[in-house]
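Scroll down for the structure; my scribbles are underneath it.
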Amino acid sequence: MPADWLAPTDLKQAAAVQRELARRVVAEGPPGPVRTVAGVDVSNFPRDPTGRVFAAVVLLDAGSLKPRATATAMRVAPIPYVPGFLGFREVPALVAAFAGLPERPDLVLVDGHGVSHPRGLGIAAHLGVLLGLPTIGVAKSILVGHPAGELPPAKGATVPLSWNGREIGTVLRSKDRVAPLYVSIGHKVGPAAAPDLVLRCCTKYRLPEPTRAAHEAANAFRRHWAAENA
DNA sequence: GCGACAG
DNA sequence: ATCTTGTCGC
């Protein structure tokens, strides 16, 4: 694996890497039963010139949605945040965090888009391909594309997310009368299965439990790090 | 050229 | 992403 795959020289090269990795995305799966689900997220210091990213991954039981293990890792992002290139900032730290997990999850829910991305490689697909794990992108807002119709207000409602005449994801109502989530496959997951898998992780909040747990873990990790490095 | 723009 | 106060609805 070329070094610039993790730390590209410029955005032009980064885009080329994304197009290459996008070819390796597998749009079907999961290959087996989903007994465990992991949630991943990254926390940052506001206006931090050093660009430190604090990553966390939480493994939970897919049935009870109870946390089973947590792992964290801190890295310095190789590039600043630029829409369309989020993966280069967060994936290295997330991969490092996964190394600290006691076991590999059957599925991973990622904060951000999967293939609903300008070059078909949002952070969920990026992470999935590098880890070789089934991943789904769960974003809170749109990067590219438009909802193909009006989304009903009830939890579980869906409508396709289209872009240039192509269906790239699904707009999903994860809770009654709240802003929808934008779901797209990351890697080793089929487009039809993705929305159901995400909904299965949603209880009483807008965001799925794995994502909520990871968000909390990443914030706790960052605060803990700050307290010991004062 | 102008508008859009995950976290 | 992070910060922050008030406000609205169940």
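Below, chain A is the first sequence line, B the second, and so on; all start at residue 1. Given the structure is predicted, the values throughout are model-derived calculations rather than measurements.
- Using a 4.0 Å heavy-atom cutoff across all strands shown, A/S116 reaches no nucleic acid atom at all.
- Atom CZ of A/F221 and atom P of C/dA1 are 18 Å apart (whole Å).
- When heavy atoms are screened at a 4.0 angstrom cut-off, A/D48 is found touching no nucleic acid atom at all.
- Between the side chain of A/T135 and the main chain of A/A124, a donor-acceptor pair closer than 3.5 Å is present.
- Closest to the side chain of A/D111, out of B/dG7, C/dT2, B/dC5, is B/dG7.
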Next on the checklist: Show, in sequence, the C-alpha distance, side-chain angles and deciding distance for A/F88 and A/V17, and conclude whether the side-chain contact (heavy atoms from CB on, under 4.5 Å) test is met.
Outcome noted: CA-CA 10 Å; A/F88 292 100; A/V17 171; 4.1 Å; yes
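- For the pair A/Y81 and B/dG7, the ring geometry qualifies as stacking, because the centroid separation is below 5.5 Å while the planes lie within an angle under 30°.
- Remark: P of B/dG7 and CD1 of A/I142 are 11 Å apart, rounded to the nearest angstrom.
- A/F45 and A/W225 have tilted rings, their planes meeting at an angle from 30° to 60° on a 0 to 90° scale.
- A salt bridge links A/E216 with A/R223: at least one charged nitrogen is closer than 4.0 Å to a carboxylate oxygen.
- Between the C1' atom of B/dC5 and the OH atom of A/Y182 lies a distance of 14 Å, rounded to the nearest Å.
- Base engagement by A/I123 is indicated by at least one non-hydrogen atom pair under 4.0 Å involving a base atom.
- Residue contacts for A/H146: at a heavy-atom cut-off of 4.0 Å it reaches no nucleic acid atom on any strand shown.
- Distance alone, capped at 3.5 Å, places no donor-acceptor pair between the A/R52 side chain and the A/N44 backbone.
- Ion pairing between a basic and an acidic side chain is recognised when a charged N comes within 4.0 Å of a carboxylate O; A/D106 and A/R35 show no such pairing.
- Here the side chain of A/R222 is nearest to one of B/dC5, C/dC3, B/dG7, namely C/dC3.
- In terms of phosphate contacts, A/K140 brings no side-chain nitrogen or oxygen within less than 4.0 Å of OP1 or OP2 of B/dA6.
- More than 12 heavy atoms of other residues, nucleotides or ligands sit less than 6.0 Å from atom CD of A/E20.
- The nucleotide whose nearest atom lies closest to any side-chain atom of A/N44 is, among C/dC3, C/dA1, B/dA6, C/dA1.
- Checking side-chain atoms of A/R173 against main-chain N and O of A/L151 turns up a donor-acceptor pair under 3.5 Å.
- As a whole-Å value, the separation of A/R47 CZ from C/dC3 P is 10 Å.
- Separating the CZ atom of A/R89 from the P atom of B/dG7 is a distance of 14 Å, rounded to the nearest angstrom.
- Taking atom CG on A/D41 and atom P on C/dA1, their separation rounds to 7 Å, with Å as the unit.
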Next on the checklist: I'd like to compare against my own output: the B/S/- annotation of nucleotides 4-10 of chain C with a strict under-4.0 Å heavy-atom distance to protein.
Outcome noted: -------
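- Among the atoms of the strands shown, none is found under 4.0 Å from any heavy atom of A/G137.
- For A/L11 and B/dC5, the CG to C1' distance is 13 Å, given to the nearest whole Å.
- Between the CG atom of A/L143 and the P atom of B/dA6 there is a distance of 5 Å, given to the nearest Å.
- OP1 or OP2 of C/dT2 has at least one side-chain nitrogen or oxygen of A/N219 nearer than 4.0 Å.
- Comparing B/dG7, B/dA6, C/dC3 by their nearest atom to the side chain of A/H117 picks out B/dA6.
- For A/S141 and B/dG7, the shortest distance from a side-chain N or O to OP1 or OP2 is below 4.0 Å.
- Using a 4.0 Å heavy-atom criterion, one finds that A/F54 contacts no nucleic acid atom at all.
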